[in-house]
There are 2 protein chains.
Amino acid sequence: MAKPTTRDRLVGATAELFRVSGYHATSVKAIVERAEAPFGSMYHHFPGGKEELGAAAITTSGLAYGDLIDLFFGDDVTDLVEATNAFFAGAAWTLTESDYADACPIATVALEVASTNEDLRRATSTVFDDWITRASARFVQHGIAPDQAPRLARGLIMLLEGAFLLCRAGRTTEPMADAQAVAVAEVSRLLA
Amino acid sequence: MAKPTTRDRLVGATAELFRVSGYHATSVKAIVERAEAPFGSMYHHFPGGKEELGAAAITTSGLAYGDLIDLFFGDDVTDLVEATNAFFAGAAWTLTESDYADACPIATVALEVASTNEDLRRATSTVFDDWITRASARFVQHGIAPDQAPRLARGLIMLLEGAFLLCRAGRTTEPMADAQAVAVAEVSRLLA
DNA sequence: CTTGTACTAGAGTGATCGCTCTAGCAAAGG
DNA sequence: CCTTTGCTAGAGCGATCACTCTAGTACAAG
């Protein structure tokens, strides 16, 4: 497989560092080192500096993460409850496999910039909206009433994000299991 | 009312800045300026520097925030569903009143330090555990089965934290209303 | 070939970071 | 009175921050 372009490596390295440490704890120097890119190249590809690169990383990694929604709730799903169980179980598995480092790619940054950087805040908001739109469509496809689907989508995402927070803070997957139980109950209720 | 001690003002100022900007975007200089404290006093009261002051701010503001649980789910509550509605409605009101700045006092910091600073991670974990313990006791008091209370407590906290994230990112309280609906459904289910 | 464009490469910039250090002040104990 | 203790006060430290600047390289167009 060919080596990705310098620009792609920069975006990828930024996304990885954002996920673990957030925006302000990630230095430009650390990004270019991880990306094995020269310092000057970063400001060539992203004249807007760290902020522009950060926005690209949020959007790219956020939308890529959204692909998991189509993966877990795709066309071949026959039982929405079962898919929901698999979705949360997968999140728990990823957490333990990565020693609680690999959770939501944008949540940390989203909270950091929500009140302090309007451009980055909008980038995170766009990603969340994308997830909700995609999940809603999938839920309708699998039997949820159209007027209830966005509520369910937001509910599951909020449970997942809250579970990521508690799991990472406590270094345990117990909250994820509880989130899964609440999510399944809600899905079942709206299917009935 | 008497002016709080320098130490208390430092902790309070740190907590306020953490809530809006998180750990790494909050500088020691900004803290002492907001606290109207001399620079040297900070290192007298907190020889461990920013990290020790940060841990104190997390613990103090976290436990104070937990008092809201006893406020909303206290002895005088007769209808747990109604109390749950009031709890989430109060969170939504606080968000709009503060222009989406005043949400969870420790969530941003918790995600920032979860994988990078073990002492601070433990401080955030202790706060979350305190909330869950207190909420569980209140839920049992109001009719939830003891073996289900911790799950419900975690569920509501995760919904609240997830809602804070989506509300702040999107500058809307719509997710909080959806979280409220899911929470009420879950409370009702476990009361039946 | 020459020229132009896209990109690589890293030394060097001022600003700000967390923190250390010394000096001085206020009140209590003898 | 004098000394001690707890705290105030801020100048100054090295390190690191995001970023700028100049120079060099690779390659396509003409």
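To find a chain, count down the sequence lines: A is the first, B the second, and so on, and within it residues start at 1.
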Pair A:Gln141-A:Arg138, side chain to side chain donor-acceptor pair (under 3.5 Å): steps then yes or no: CA-CA 5 Å; A:Gln141 181 184 357; A:Arg138 290 299 184 180; 2.9 Å; yes
Taking distance alone, no hydrogens or angles, what donor-acceptor pairs closer than 3.5 Å link side-chain atoms of residues 110-120 of chain B to residues at least two apart or in another chain?
unit_1	atom_1	unit_2	atom_2	d
B:Glu112	OE1	B:Tyr23	N	2.5
B:Glu112	OE2	B:His24	N	3.2
B:Glu112	OE2	B:His24	ND1	3.1
B:Ser115	OG	A:Tyr100	O	3.4
B:Ser115	OG	A:Arg168	NH2	2.7
B:Thr116	OG1	B:Glu112	O	3.1
B:Asn117	OD1	B:Asp119	N	3.2
B:Asn117	OD1	B:Leu120	N	3.1
B:Glu118	OE1	B:Arg121	NH1	3.2
B:Glu118	OE2	B:Arg121	NH1	2.4
B:Glu118	OE2	B:Arg122	NH1	3.4
B:Asp119	OD1	B:Arg122	NH2	3.2

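- Taken to the nearest 0.5 Å, the CZ atom of A:Phe139 stands 4.5 Å off from the CG atom of A:Leu152.
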Tell me which donor-acceptor pairs under 3.5 Å the side chains of residues 81-92 of chain B have, and how far apart each pair is, sequence neighbours excluded?
unit_1	atom_1	unit_2	atom_2	d
B:Thr84	OG1	B:Leu80	O	2.8
B:Asn85	OD1	B:Gln180	NE2	2.5
B:Asn85	ND2	B:Val81	O	3.4

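- Using a 4.5 Å heavy-atom threshold, the side chains of B:Thr6 and B:His44 count as separate.
- Residue A:Trp93 holds its CH2 atom at 10.0 Å from CG of A:Asp102, rounded to the nearest 0.5 Å.
- Near-neighbour residues of DNA chain D inside residues 49-56 of chain B, defined by a heavy atom below 4.0 Å, are absent.
- Computed from coordinates, the B:Lys29 NZ to D:dG12 P distance equals 15 Å when rounded to whole Å.
- Put simply, the side chain of A:Leu190 does not reach to within 4.5 Å of the side chain of A:Arg151, judged on heavy atoms.
- Phosphate contact (OP1/OP2 of D:dT8, side-chain N/O of B:Thr6, threshold under 4.0 Å): present.
- Looking at B:Glu16 and B:Arg34, a side-chain N of the basic residue comes within less than 4.0 Å of a carboxylate O on the acidic one, giving a salt bridge.
- The two residues A:Arg19 and A:Ala103 come nearest to each other via the heavy atoms CD-O, 3.6 Å.
- B:Glu33 has its CD atom 12 Å from the P atom of C:dG18, to the nearest Å.
- When the P atom of D:dG10 is taken as reference, atom CD of B:Glu36 falls 12 Å away, rounded to whole Å.
- What you find for A:Pro150 and A:Ser136 is that their closest heavy atoms are CA-OG, 3.2 Å.
- DNA chain C lies under 4.0 Å from at least one heavy atom of each of the following residues of residues 38-47 of chain B: B:Phe39, B:Tyr43.
- Taking atom CD1 on A:Ile31 and atom P on C:dG10, their separation rounds to 18 Å, with Å as the unit.
- Other members of the hydrophobic cluster containing B:Leu10, listed by chain and number, are B:Val11, B:Leu17, B:Val28, B:Ile31, B:Val32, B:Phe39, B:Met42, B:Tyr43, B:Phe46, B:Leu53; membership follows side-chain contacts under 4.5 Å among ILVMFWY residues, whether direct or relayed.
- Within a heavy-atom distance below 4.0 Å of DNA chain D, no residue of residues 113-121 of chain B is found.
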